[in-house]
S.K.: 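First, the structure itself, so that you have it in front of you.
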Amino acid sequence: MSSKGVLYIIISGPDSYHRAIEGLRMAEYQSGDGNHGVALMLQGQGVEWLRDGDEDYRKEIQTSIGVVHELGAAVFVCGASLNERGLTATMGDYNFLNSSAPKRISQVVTKGWQIATF
């Protein structure tokens, strides 16, 4: 059975930014012209990328999140992870979809999507 799409889950935060950027690059490259089944979810420490900061690696990761979003891929953010850190589902001018991670993962698996976790 071929996959109908991929949900990229970013759980790595600033302590593992190399891992996070590799997952985001893959999501960005696969998003292409927006016709591919790609979605992104920030969960756990991954929601820390929504936090303001001036580190070069943070800017690079936030740029990749923005590109994925602008290419038409859905960007979900785990509500529980946001609440634990006092954050919202926004990054600058971007507003993302606040979602329950377990529910979203269940939905994409049911639809025949694959999951890639970084």
Side-chain angles (χ1 to χ4, degrees):
M1 181 173 109
S2 65
S3 173
K4 296 180 181 180
V6 179
L7 173 64
Y8 289 92
I9 303 174
I10 306 299
I11 61 172
S12 299
D15 291 341
S16 301
Y17 69 90
H18 286 102
R19 184 171 172 84
I21 194 62
E22 290 306 318
L24 286 164
R25 285 179 183 152
M26 290 177 66
E28 184 179 338
Y29 300 154
Q30 189 177 354
S31 294
D33 61 5
N35 291 329
H36 304 289
V38 174
L40 177 65
M41 173 165 264
L42 304 177
Q43 182 180 354
Q45 292 178 4
V47 301
E48 289 290 336
W49 298 117
L50 301 179
R51 196 177 298 278
D52 289 336
D54 62 356
E55 308 93 339
D56 288 340
Y57 63 85
R58 181 178 301 275
K59 290 176 186 176
E60 181 181 7
I61 286 177
Q62 289 179 343
T63 297
S64 286
I65 294 169
V67 168
V68 169
H69 184 66
E70 288 177 10
L71 288 171
V75 177
F76 302 103
V77 186
C78 176
S81 297
L82 289 174
N83 291 339
E84 290 171 359
R85 292 162 177 82
L87 296 170
T88 62
T90 60
M91 182 183 77
D93 293 334
Y94 295 109
N95 292 306
F96 304 120
L97 301 167
N98 193 331
S99 181
S100 162
K103 181 178 179 182
R104 186 66 54 196
I105 292 167
S106 177
Q107 288 173 339
V108 298
V109 169
T110 299
K111 291 181 179 184
W113 283 39
Q114 294 179 340
I115 295 176
T117 306
F118 293 87

S.K.: Where is the tightest heavy-atom contact between Q45 and P14, given as atom of each residue plus distance?
M.R.: O-CD, 4.4 Å

S.K.: Which pair of non-hydrogen atoms, one from M26 and one from F118, has the smallest distance, and what is that distance?
M.R.: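 Shortest heavy-atom separation between M26 and F118 comes out as SD-CZ, 3.5 Å.
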
S.K.: Check step by step if side chain to side chain contact (heavy atoms under 4.5 Å, CB included) holds for E48 and R85.
M.R.: CA-CA 8 Å; E48 289 290 336; R85 292 162 177 82; 3.0 Å; yes

S.K.: Taking all non-hydrogen atoms of both residues, which atom of V68 and which atom of S31 are closest, and how far apart?
M.R.: CG1-OG, 4.0 Å

S.K.: Answer whether the closest heavy-atom distance between the side chains of Y94 and E70 falls below 4.5 Å.
M.R.: yes

S.K.: With a 4.5 Å heavy-atom cut-off, do L87 and V77 have their side chains touching?
M.R.: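 The answer is no; the side chains never approach within 4.5 Å.
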
S.K.: At what distance, to the nearest 0.5 angstrom, does CG of L40 lie from CD of Q30?
M.R.: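 Result: 11.5 Å between the selected atoms.
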
S.K.: Taking the side chain as every heavy atom from C-beta outward, state whether I65 and F96 have any pair of such atoms under 4.5 Å apart.
M.R.: yes

S.K.: Where the side chain of S106 meets the backbone of P102, is there a donor-acceptor pair that is under 3.5 Å apart?
M.R.: no

S.K.: Taking atom CG of N98 and atom OG1 of T88, what is their separation to the nearest 0.5 Å?
M.R.: 9.0 Å

S.K.: Are the charged groups of E22 and R25 less than 4.0 angstrom apart, N to O?
M.R.: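 Here E22 pairs with R25 in a salt bridge, since their nearest N and O are under 4.0 Å apart.
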
S.K.: Closest approach of Q62 and W49, non-hydrogen atoms and distance?
M.R.: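 Heavy atoms only, the tightest pair is NE2-O, 2.6 Å.
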
S.K.: Any chance you could measure F76, atom CZ, to Q43, atom CD, to the nearest 0.5 Å?
M.R.: 12.5 Å

S.K.: Give, for atom CZ of R58 and atom OG1 of T63, the distance between the pair rounded to the nearest 0.5 Å.
M.R.: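 If we round to the nearest 0.5 Å, R58:CZ and T63:OG1 are 12.5 Å apart.
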
S.K.: Just do the side chain to side chain donor-acceptor pair (under 3.5 Å) check on Y17 and E55 with the steps written out, would you?
M.R.: CA-CA 11 Å; Y17 69 90; E55 308 93 339; over 6 Å; no

S.K.: Answer yes if V38 and Y29 sit in the same cluster of Ile, Leu, Val, Met, Phe, Trp and Tyr residues linked by side chain heavy atoms under 4.5 Å apart, and no otherwise.
M.R.: no

S.K.: Mind listing the closest non-hydrogen atom pair of A101 and C78 along with its distance?
M.R.: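 Looks like CB-SG, 4.0 Å.
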
S.K.: Just verifying a value: how many Å separate L82 CG and L42 CG, rounded to the nearest 0.5 Å?
M.R.: 8.5 Å

S.K.: Please find the pair of heavy atoms, one from S12 and one from R19, that lie closest to each other, and give the distance.
M.R.: OG-CD, 3.4 Å

S.K.: Flag the pair S64 / I21 as yes when at least one side-chain heavy-atom distance between them is below 4.5 Å, and no otherwise.
M.R.: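 Yes, at least one pair of side-chain atoms sits under 4.5 Å.
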
S.K.: When rounded to the nearest 0.5 angstrom, what distance separates CG in D56 from CD1 in I61?
M.R.: 11.5 Å

S.K.: Less than 4.5 Å apart, side chain to side chain, heavy atoms only: is that true for L24 and V67?
M.R.: no

